[in-house]
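Right, one structure below, let's go through it.
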Number of protein chains: 2
Amino acid sequence: MNNKEKAFTAEQEQMARFAKALGHPVRIAILDLLASQACCYHGDMSEVIPVAKSTLSQHLSELKDAGLIQGTLTLPSIKYCINRENWNKARSMFTELFRDIEGNSYVCR
Amino acid sequence: MNNKEKAFTAEQEQMARFAKALGHPVRIAILDLLASQACCYHGDMSEVIPVAKSTLSQHLSELKDAGLIQGTLTLPSIKYCINRENWNKARSMFTELFRDIEGNSYVCR
DNA sequence: CATGTTGTTCGCAAAATTACGAATAATAAT
DNA sequence: ATTATTATTCGTAATTTTGCGAACAACATG
């Protein structure tokens, strides 16, 4: 445990960042709503997701900061939607991780 | 924002739990090691991943608590490996989320 | 211009996460 | 029995996350 000079790869950092953004029920609920396209507006989400508006804003910001969603001002409201580019990036990274482990021939007993 | 009686679905909670477990570079590094089957032992990981042993233990515990890995005592060390059953469950849940959003015809401008 | 609507930011508090070294436990080796 | 090896748990501290209501900003409406 002496060779500690090496940190994590950019891929590992990015992967963890995406996963962390997905790591809360409110944020999964937001993405579920966006997936069902039932709505894309803050106000609509606020009626369905059981948290205060300010808390919802924070979770939306975190998804935005992670790059997974984006917001467009559509007065008088704000329309949120998936950031396709980064979402695809996340999808491929998760897929790769799952594939790598799936293809792992090592089996524990 | 009055209909707050409904919490999150079990699926959403489970999804968030898996994602949260993946939400740290150390834990991604652990899984990368398990994927490469380069090693499965705490001591080996400790030489590659730049954190104190006790910290590594904590991260291993979190992956264990989330059900993603399991440890088998193989004296004098401990052999860690993927929990296939739960890993497959996680994979299918992530795949589903990505598929749902991929198939979403709603496009923002 | 006063009011209402929509959503963010601020201020704060509670809880969880992250990290480390020291202490501990369990087992093997001398 | 003492010592060495391996990994976890304990104790502690710093940081981050989560959550809420109040205050605020931006714009539309009466």
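Quantities reported herein were computed from a predicted structural model and do not represent experimental measurements. Quick note on labels: first sequence line is chain A, next is B, and so on, each numbered from 1. In what follows, every heavy atom counts, from backbone to side chain, and hydrogens, waters and symmetry copies are set aside.
- When atom types are taken as modelled, the side chain of B:Ser92 and the backbone of B:Lys89 share a donor-acceptor pair closer than 3.5 angstrom.
- Within a heavy-atom distance below 4.0 Å of DNA chain D, no residue of residues 11-19 of chain A is found.
- Between B:Leu63 and B:His24, the closest side-chain pair of non-hydrogen atoms is not below 4.5 Å.
- The 5' end of DNA chain D is approached more closely, in terms of each residue's nearest nucleotide, by A:Val26 than by the other of A:Val26 and A:Pro76.
- Using a 4.5 Å heavy-atom threshold, the side chains of B:Leu68 and B:Leu22 count as touching.
- Taking 4.0 angstrom as the limit, A:His59 places a side-chain polar atom (N or O) nearer than this to OP1 or OP2 of D:dG19.
- Note on B:Ser57: every side-chain N or O is 4.0 Å or more away from OP1 and OP2 of D:dA7.
- For B:His24 and C:dT17, the shortest distance from a side-chain N or O to OP1 or OP2 is not below 4.0 Å.
- Between the C1' atom of C:dT6 and the CG atom of A:Asp44 lies a distance of 12 Å, rounded to the nearest Å.
- Checking side-chain atoms of B:Gln12 against main-chain N and O of B:Thr9 turns up a donor-acceptor pair under 3.5 Å.
- Taking only side-chain nitrogens and oxygens, B:Thr55 comes nearer than 4.0 Å to OP1 or OP2 of C:dC20.
- Residue A:His42 places its side chain closer to C:dG7 than to any other of D:dT8, C:dG7, C:dC20.
- Distance NZ (A:Lys53) to P (D:dA23): 16 Å, rounded to an integer number of Å.
- Rounded to an integer number of Å, the gap from A:Leu56 CG to C:dT6 P is 14 Å.
- Evaluation of atom-type donor-acceptor distances gives a pair under 3.5 Å for the side chain of B:Ser54 against the base of C:dG21.
- Remark: P of C:dT9 and CG of A:Asp65 are 10 Å apart, rounded to the nearest angstrom.
- Each of A:Met15, A:Gln14, A:Lys20 was scored for a side-chain contact (heavy atoms from CB on, under 4.5 Å) with A:Phe18, with one residue passing: A:Gln14.
- D:dG19 atom C1' lies 15 Å from atom CG of A:Leu60, rounded to whole Å.
- In this structure, B:Tyr41 does not reach the D:dT5 phosphate: none of its side-chain N or O atoms is under 4.0 Å from OP1 or OP2.
- If you check every strand for non-hydrogen atoms under 4.0 Å, A:Gln58 touches a base.
- Picking from C:dG7, D:dC20, D:dT8 the nucleotide with the shortest atom distance to the side chain of A:Tyr80 gives C:dG7.
- The shortest side-chain heavy-atom distance between A:Thr55 and A:His59 falls under the 4.5 Å cut-off.
- Computed from coordinates, the B:Glu62 CD to C:dA19 P distance equals 9 Å when rounded to whole Å.
- The CZ atom of B:Arg17 lies 10.5 Å from the CG atom of B:Asn86; values are rounded to the nearest 0.5 Å.
- Considering only side-chain N and O atoms, A:Lys20 lies nowhere under 4.0 angstrom from the phosphate OP1 or OP2 of C:dT17.
- Spacing between atom CG of B:Leu63 and atom P of C:dT17 amounts to 13 Å, rounded to whole angstrom units.
- B:Tyr41 and B:Tyr80 have their aromatic ring centers separated by at least 6.0 angstrom.
- What separates CG of A:Leu73 from C1' of C:dT5 is a distance of 13 Å, to the nearest Å.
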